[in-house]
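What follows is one structure encoded as structure tokens, with my remarks underneath.
Side chains are part of it too, since the values below use all heavy atoms of this structure and drop only hydrogens, waters and symmetry mates. Just so it is clear: chains get the letters A, B, ... in the order the sequence lines come, proteins before strands, and each one is counted from 1.
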Amino acid sequence: MTLEQHISQVLKERYDLEVSVELQETRKEFDGDHTLVVFPFLRAAKGKPEEVASTIGQDLKDRGAIKEFNVVKGFLNMVMDQNVFTDEFKAFCESNNLGLPAAGSKGKYIVEYSSPNTNKPLHLGHIRNNLLGSSVAKILETNGVDVTKVQIINDRGIHICKSMLAWQEHGNGETPESTGLKGDHLVGKYYVKFDQVYKAEIKTLIDGGMDEEQAKKQAPSLVKAQEMLLKWEQGDSATISLWETMNGWVYEGFNTTYEKLGVSFDKNYYESQTYVLGKDDVLKGLEQGIFYQKEDGSVWIDLEGEGLDHKLVLRKDGTSVYMTQDIGTAIQRFKDFEAKGMTYVVGNEQDYHFKVLFIILKKLGYEWANSLHHLSYGMVDLPSGKMKSREGTVVDADDLIDSMVADAGAISKELGKIEGMDEAEQQALFHTLGLGALKYFILKVDPKKRMLFNPAESIDFTGNTGPFIQYTYARIQSLQRKGPEGLSFDWNTLATNSEELTLMKAILAYPSTVAQAAEALSPAVLANYTYDLVKKYNGFYQNNSILNAESDERIAFRLLLSKKVGEVIASSMNCLGIQVPNRM
RNA sequence: GGCCGCGUAGCUCAACUGGAUAGAGUACUUGACUACGAAUCAAGCGGUUGAAGGUUCGAAUCCUUCCGCGGUCACCA
């Protein structure tokens with residue numbers, strides 16, 4: 001019987017109370033393992049906090065559920081027999097899977113993330129998106145879910161035509177090969193070029209006496225881009241060919257970045273193929289009266305009942321809008337994968353869009369619509385404010401990754417601990433450390449919150465960072481290499497000190513922390529847990545000799561404890577997409 | 001302006017979802033490397049949790065108002 005169950009029984013028998021019991025860990029300044037807050041029971045118990053707590057404590061002790069207890073105000077601190085923890089830890093070690101659920105034991109789930117436009121390279125905002133999506137997928141997998149990772153690539157539309165047009169008119173036939181530029185950067189260069197030309201044209205028109213509104217609509221570049229979009233939709237072969245070529249460059253560039261980031265997808269959806277999806281579903285919904293049609297032919301949904309307004313789902317010319325596509329794409333995905341739920345990793349600027357989308361899908365009667373989730377994350381701000389591509393204040397993904405790797409290299413060389421590693425090993429290590437620092441920096445922050453990135457201050461490698469955790473792992477591996485083999489100890493006679501006990505408890509919390517992170521879809525939960533574990537381990541390491549402990553039994557136990565800490569670190573860092581080095 | 005979200009040490013972030021004296025890192029000051037790796041450990045400094053009310057045994061957390069910041073209100077995506 002668990003301690004919670006014991007407490008439930010005591011409450012029932014003594015006070016006729018039927019409540020769910022929630023325990024918390026006893027704070028370190030008090031004596032005990034678990035703490036029960038008794039204030040909620042005072043009304044039924046009709047007593048003072050101290051008396052009630054003491055009564056419950058004594059009952060629990062009499063039943064043998066706890067070893068000792070003490071009462072501070074309304075807090076009942078309970079001390080467990082140490083064997084409870086060593087027994088649990090023994091089972092944990094013997095299970096050999098860190099207490100985690102079996103792979104694929106919890107059904108199928110879809111995670112959508114990244115969703116880039118093919119007109120410019122990825123930037124820091126995409127990095128947060130990619131790391132979150134990729135990590136959430138890994139966390140779910142680690143928690144026993146069968147995850148399918150998908151992205152939708154926004155490969156069509158007026159914005160794509162803009163870079164195509166600019167390249168056509170000003171590109172002089174440049175290619176990634178001829179310029180040595182990464183394909184996505186080359187295309188991005190022409191997206192910027194378009195904007196420059198467009199703005200100049202507007203200025204000329206305004207100077208010629210036109211008002212701004214008109215000028216923005218009539219600037220020749222925009223008109224030409226619109227013509228190009230029309231040609232694309234008509235399937236004009238020259239336009240399609242240019243589109244394919246330039247998108248091909250972009251995909252090659254994206255793949256390089258994805259590879260460096262260590263993210264991947266099980267299936268790509270392309271907007272050029274899905275943008276017609278959803279129209280049929282909307283028309284069907286129109287027949288059922290879920291949508292209504294205005295006189296001009298446009299189709300809408302009335303969401304005033306939900307406290308929202310009216311939303312357009314088909315234009316008057318019958319073409320789709322963003323919402324229509326998302327309706328169709330969602331339906332398509334559940335046909336493709338028969339998942340029980342899906343999460344969209346998309347910035348919080350689209351909160352309203354997803355609110356509406358989910359309501360519509362529910363109204364259309366899809367059962368799975370109740371298990372849709374928008375993982376809405378905050379923007380990454382710079383000290384100067386929001387990143388704006390047109391103002392050139394974006395932090396480019398490739399540049400950032402490269403500079404992190406370079407920083408890792410500089411620091412490693414300065415510390416001089418990597419002698420004997422060949423060049424390739426060193427480069428791999430710098431990559432592991434640089435990306436570890438970057439990923440941890442981003443993932444340790446609660447996804448919902450916006451975060452600040454200051455390019456002037458490089459990301460730390462000391463303190464609450466990825467490399468700090470990686471360093472602890474590397475030290476543990478060093479111990480394992482140096483430790484004597486063949487030593488053993490007897491669990492039954494094992495007496496642990498307080499630091500060892502603290503560590504065991506922290507290790508044992510791993511599976512429930514993974515479950516919590518999966519529930520909250522939050523890598524930050526795991527990052528904070530791991531940091532806490534590592535700090536505890538380092539404190540233990542500092543104060544307790546492992547290889548020179550007082551007995552062979554002690555050495556064996558501490559090596560096992562260290563090994564398990566290492567395994568938990570490796571597993572949780574894997575959930576964050578962070579690799580761990582054997583030396584650094 | 002309507003709606004949504006956010007304000008915690010100088011800076012970057014926590015706080016088990018309403019619990020005990022609000023914790024870490026960084027920066028700054030100091031101590032510890034001929035014990036297993038000092039990218040480490042230990043100590044100090046740093047707070048009216050944006051402000052004011054309210055709810056109750058108890059509030060950073062819930063409610064109201066105000067201030068500040070951001071997002072969103074397209075037949076764009």
- Go through the structure and list residues passing side-chain hydrogen bond (donor to acceptor under 3.5 Å, both in side chains) with Lys505(A), not counting sequence neighbours. Asp33(A)

- Gln516(A) or Ile418(A), whichever maps to the more 5' nucleotide of RNA chain B: Gln516(A)

- Task: Would you mind telling me which residue lines up with the more 5' stretch of RNA chain B, Ala520(A) or Arg315(A), judged by nearest nucleotide?
- Result: Ala520(A)

- Message: Any base atoms under 4.0 Å from Ala524(A), or only sugar-phosphate, or nothing? Heavy atoms, all strands.
- Response: nothing

- Task: Could you tell me whether Thr462(A) contacts a base, only the sugar-phosphate backbone, or nothing, with contacts defined as non-hydrogen atoms closer than 4.0 Å?
- Result: sugar-phosphate

- Quick one: Tyr440(A) OH to rA14(B) P, roughly how many Å, whole number? 11 Å

- Whole-Å distance between rA22(B) C1' and Glu29(A) CD? 11 Å

- Message: Under 4.0 Å, counting only non-hydrogen atoms across every strand here, what does Lys316(A) touch: a base, just sugar-phosphate, or nothing?
- Response: base

- Note on the structure: The side-chain hydrogen bond (donor to acceptor under 3.5 Å, both in side chains) partners of Ser376(A) (sequence neighbours excluded) come to Asp351(A)

- Glycosidic class, syn or anti, of rU48(B) using a 90° window around 0: anti

- Query: Can you check the His310(A) NE2 to rA74(B) C1' distance for me, whole Å?
  - Reply: 17 Å

- For Met323(A) and rC73(B), give me the distance from atom CE to atom P, rounded to whole Å. 11 Å

- Query: Nearest to the side chain of Val37(A) - rG19(B), rC75(B), rG37(B)?
  - Reply: rG19(B)

- Measure from the side chain of Tyr541(A), starting at C-beta and using heavy atoms only, and say which of rA20(B), rC36(B), rA77(B) lies closest. rC36(B)

- Take the protein atom CD of Gln477(A) and the nucleotide atom P of rC36(B), then report the distance between them rounded to whole Å. 18 Å

- Roughly how far apart, to the nearest Å, are rU12(B) and rG70(B) at atom P? 15 Å

- Message: Between Phe468(A) and Tyr531(A) (judged by ring centroids, cut-off 6.0 Å), do the two rings come close enough to count as a pair?
- Response: yes

- Side chains of Tyr352(A) and Lys311(A): closer than 4.5 Å at any heavy-atom pair? yes

- Return the set of residues passing side chain to side chain contact (heavy atoms under 4.5 Å, CB included) with Arg481(A) (not counting sequence neighbours), or none when no residue passes. Gln477(A), Ser478(A), Asn582(A), Arg583(A)

- Of the candidates rC36(B), rA20(B), rG37(B), the side chain of Leu479(A) sits closest to rC36(B)

- Selected nucleotide, minimal atom distance to Asn117(A) side chain, candidates rC36(B), rG71(B), rA77(B): rA77(B)

- Message: Taking any heavy-atom pair under 4.0 Å as a contact, classify Thr319(A): base, sugar-phosphate, or nothing.
- Response: nothing

- Message: Could you spell out the base pairing of RNA chain B as a dot-bracket line? Use Watson-Crick and G-U wobble contacts where both distances are under 3.5 Å, [ ] for crossing pairs, | for partners on a different strand.
- Response: (((((((..((((.....[...)))).(((((.......))))).....(((((..]....))))))))))))....

- Message: Which nucleotide wins on minimum distance to the side chain of Leu547(A), given the candidates rA38(B), rC75(B), rC36(B)?
- Response: rC36(B)

Could I get a table of every N or O pair under 3.5 Å where one atom is in the protein and the other is in nucleotides 41-45 of chain B?
unit_1  : atom_1 : unit_2    : atom_2 : d
rC41(B) : O4'    : Gln542(A) : OE1    : 3.3

- Item | For Glu550(A), salt bridge (charged side-chain N to carboxylate O under 4.0 Å, His left out) partners two or more places apart | Arg554(A)

- Which nucleotide in the set rC75(B), rU26(B), rA20(B) lies at the smallest distance from any side-chain heavy atom of Asp296(A)? rC75(B)

- Task: Take atom C1' in rG47(B) and the same atom in rC13(B), then report the distance between them in whole Å.
- Result: 15 Å

- Message: Determine whether the aromatic ring of Phe75(A) stacks with the base of rA20(B), defined as ring centroids separated by less than 5.5 Å and ring planes inclined by less than 30°.
- Response: yes

- Item | Nearest-neighbour nucleotide for the Gln350(A) side chain, rU26(B), rA77(B), rA35(B) considered | rA77(B)

- Query: Within a strict 4.5 Å, meaning less than it, do heavy atoms of the Ile56(A) and Phe69(A) side chains meet?
  - Reply: no

Do any side-chain atoms of residues 406-416 of chain A form donor-acceptor pairs under 3.5 angstrom with protein atoms, and if so which ones, sequence neighbours left out?
unit_1    : atom_1 : unit_2    : atom_2 : d
Ser412(A) : OG     : Ala408(A) : O      : 2.8

- Take the protein atom CG of Leu559(A) and the nucleotide atom C1' of rA35(B), then report the distance between them rounded to whole Å. 15 Å

- Contact class for Thr465(A) (heavy atom, under 4.0 Å): base, sugar-phosphate, or nothing? nothing

- Write out all pairs satisfying salt bridge (Lys or Arg N to Asp or Glu O under 4.0 Å) with one or both partners inside residues 517-533 of chain A, taking only residues at least two apart or from two chains. Asp532(A)-Lys536(A)

- Task: Take atom CD1 of Ile411(A) and atom P of rA38(B), then tell me their distance rounded to the nearest Å.
- Result: 18 Å

Using atom names, set out every protein N or O paired with an N or O of nucleotides 2-13 of chain B below 3.5 Å, distance rounded to 0.1 Å.
unit_1  : atom_1 : unit_2    : atom_2 : d
rC13(B) : OP1    : Leu452(A) : N      : 2.8

- Query: Contact class for Asp326(A) vs. all strands (heavy atom < 4.0 Å): base, sugar-phosphate, or nothing?
  - Reply: nothing

- With sequence neighbours left out, which residue pairs that include part of residues 537-563 of chain A fulfil the ring pair (Phe, Tyr, Trp, His ring centres under 6.0 Å) condition? Phe489(A)-Phe557(A), Tyr537(A)-Phe540(A)

- Item | Face-on cation placement of Arg128(A) at Tyr377(A) ring, 6.0 Å and 45° thresholds | no

- Item | For atom NZ of Lys28(A) and atom P of rA20(B), their distance in whole Å | 12 Å

- For Ser403(A), what residues pass the side-chain hydrogen bond (donor to acceptor under 3.5 Å, both in side chains) criterion, not counting sequence neighbours? none

- Task: Using the P atom on both, measure rC67(B) against rA52(B) and round to a whole Å.
- Result: 15 Å

- Closest non-hydrogen contact found for Pro467(A) with Phe461(A) is CG-CD2, 3.3 Å

- Note on the structure: Output for pair (Thr35(A) OG1, Met78(A) CE), nearest 0.5 Å, gives 6.5 Å

- Query: Does Ser298(A) make a side-chain N or O approach to OP1 or OP2 of rC75(B) shorter than 4.0 Å?
  - Reply: no

- When rounded to the nearest Å, what value does the distance between P atoms of rC28(B) and rU34(B) take? 25 Å

- Ring centres of Tyr344(A) and Phe354(A) under 6.0 Å apart? yes

- Message: Could you tell me how far rC45(B) sits from rU61(B) if I compare only their C1' atoms? Round to whole Å.
- Response: 28 Å

- Query: For Asn77(A), which contact category applies under a 4.0 Å heavy-atom criterion: base, sugar-phosphate, or nothing?
  - Reply: base

Below 3.5 Å is the cut-off: list the nitrogen or oxygen pairs between protein and nucleotides 57-61 of chain B, distance only.
none

